[in-house]
Amino acid sequence: MFKKILIANRGEIALRIIRACHEMGIAAVAVYSDVDRASLHVRKADEAYPIGSAAASESYLNIGKILDAARRSGADAVHPGYGFLSENPGFALACAEARVKFIGPTAASMQAMASKTRARQAMEKAGLPFVPGTLRGLESLEQAQQVAAKIGYPLMLKAAAGGGGKGMRLVPSGDELKSALDAARSEAQRAFGEGEVYIEKAILNPRHIEMQIVADELGNTVYLGERECSIQRRHQKVLEEAPSPIVDPELRRRMGEVAVRAAQSASYTNAGTVEFLLDQPENDRFGNHRPRNFYFLEMNTRLQVEHPVTELVTGLDLVHLQIRIAAGEKLPFKQEDLTLRGHAMECRIYAEDPDNHYFPSPGKISLLQEPSGPGIRLDSGIYEGWSVPIDYDPLLAKLIAYGADRDQAISHLSRALQEYFVGGITTNISLFQRILSDENFRAARLDTGFLDRLWKQIEMRAAERAEATEAEVAALAAGLFAALGANGVTGPNAALPASSAAERSNWKRTGRREALH
Ligand code: MV4
């Protein structure tokens, strides 16, 4: 087993990994940029090394500096966390060269999944389901038109080097194909230095469900169940749960087996996640019927942000497992040993303002009241008096609830959200109360459009309230003018009649009031 692990990350995930190290009797080494000198991960680690200025390219993305810290500390392994260098094959190779074990898959496995077209080819070769479309990059507009004629509109253009929604275009009809293809190509070229673009049939109102897998280095691969991740905003996940309310044991087994075979096709080792799209039954976006099809979308070759919900329903510790696997140990269980129990739900607490276009809200945390108690796990990277830097992802903490069933998990979560207070900065905590009290959410009628629809509803209600208030002020003013005028007050406005605009508002107000209640 390793004696010392360097954590090439920051924030809540660095803490999460430090805790696992300490539970396993392993020393934990932190690295930090200039703005993270006072961060919690630095305080909780056994040693910490500065690696440069705030810009990630100068610190958390700088392979040379991180491996230099590994050498100086004598660490025998590196955990990359998520984001930053976690899916960078060059980093995995550099670790091998520096004789530090990279806790994750091999560079070759990462590369096999990094190209979406390569991954689709591997799925086809293995006879596994993927979204219908092309297996290779498009060569011409004519070829794109031919494929489009076969699979039909709407369709998706996707960058082979993309993922997580980057370099993606929905093409509603043939009229838009040429312009969308040109745009997708140049966007991909700009973003990834590679313009390869391919076609997928568009799945409308899908549910986003992903399957966790773990594979040891001796050839054993198992699936640990799915996570429902349909509640997203601009491809940023907001709330995740396990198990998915619409996946039954039979569908779970089928998806799990596909995920295992997808991983095996890339000789995958360590923890990974296979993403699927589930289509909704037609004409019934909210139908809770069993969906007809699921399709491989992409594979994430890292530990994911939302891994705790899987830990709570499986009783496993994914970071412990990752470390054991990287140390060459055999998986301590078989597929048939695993059972899911209860229900878990995670809220991603961000330093951003949901009422102001989700703008980041960095600054000093002046007051912090963190929830705890029955059914609550809080993976947090903050403390009172700490300043949230503007330089990185604004994820502050993950509030995770566990209950015997979905309703119980929701009630723990809702209670914990009431306890949670972060002063000095704006967070998205209030957004979760709105989600949890939504009737469609309660009934688990979810799809990837859920949050946008909820948001439109909230905005509409806010606009109605603002209008109602405006109308009340106008009506009050009109009444006042009328009263003052009757009393013979003179002045520049004395002769004004009760404003006709205010009268109109008054009409509107009455109407709105009825609509509101
Ligand atoms: C799709 C799709 C519909 N059809 N592909 C968005 C993130 C990236 N991982 C893939 N995404 C999608 N790919 C086809 N062929 C719809 C989405 C999508 C989506 C997927 C998961 C979660 C939220 C989403 C929101 C909008 C679109």
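Throughout, residue positions are numbered sequentially from 1 according to the sequence presented. Counting starts at 1 for both ligands and their atoms, following the listed order. Hydrogens, waters and symmetry mates are skipped; everything else that's a heavy atom, side chains included, is used.
R233 forms a cation-pi arrangement with Y358, by the criterion of a distance under 6.0 Å to the ring centre and an angle within 45° of the ring axis. Taking the ring axis of F441 as reference, the NZ or CZ atom of R406 stays within 45° of it and closer than 6.0 Å to the ring centre.
Counting only distance, with no hydrogens or angles, the side chain of H412 and the backbone of A409 share no donor-acceptor pair below 3.5 Å. Here the side chain of R120 pairs a donor or acceptor atom with the backbone of V131 at under 3.5 angstrom.
Enumerated by chain and number, the residues approaching ligand 1 to less than 4.0 Å through a heavy atom are V131, M156, K158, G164, G165, M168, E200, K201, A202, I203, H208, Q232, H235, E275, L277, L297, E298, T448.
In summary, R377 and E311 engage in a salt bridge, as defined by a charged side-chain N under 4.0 Å from a carboxylate O.
Every side-chain contact (heavy atoms from CB on, under 4.5 Å) that E459 has, sequence neighbours left out, goes to W455.
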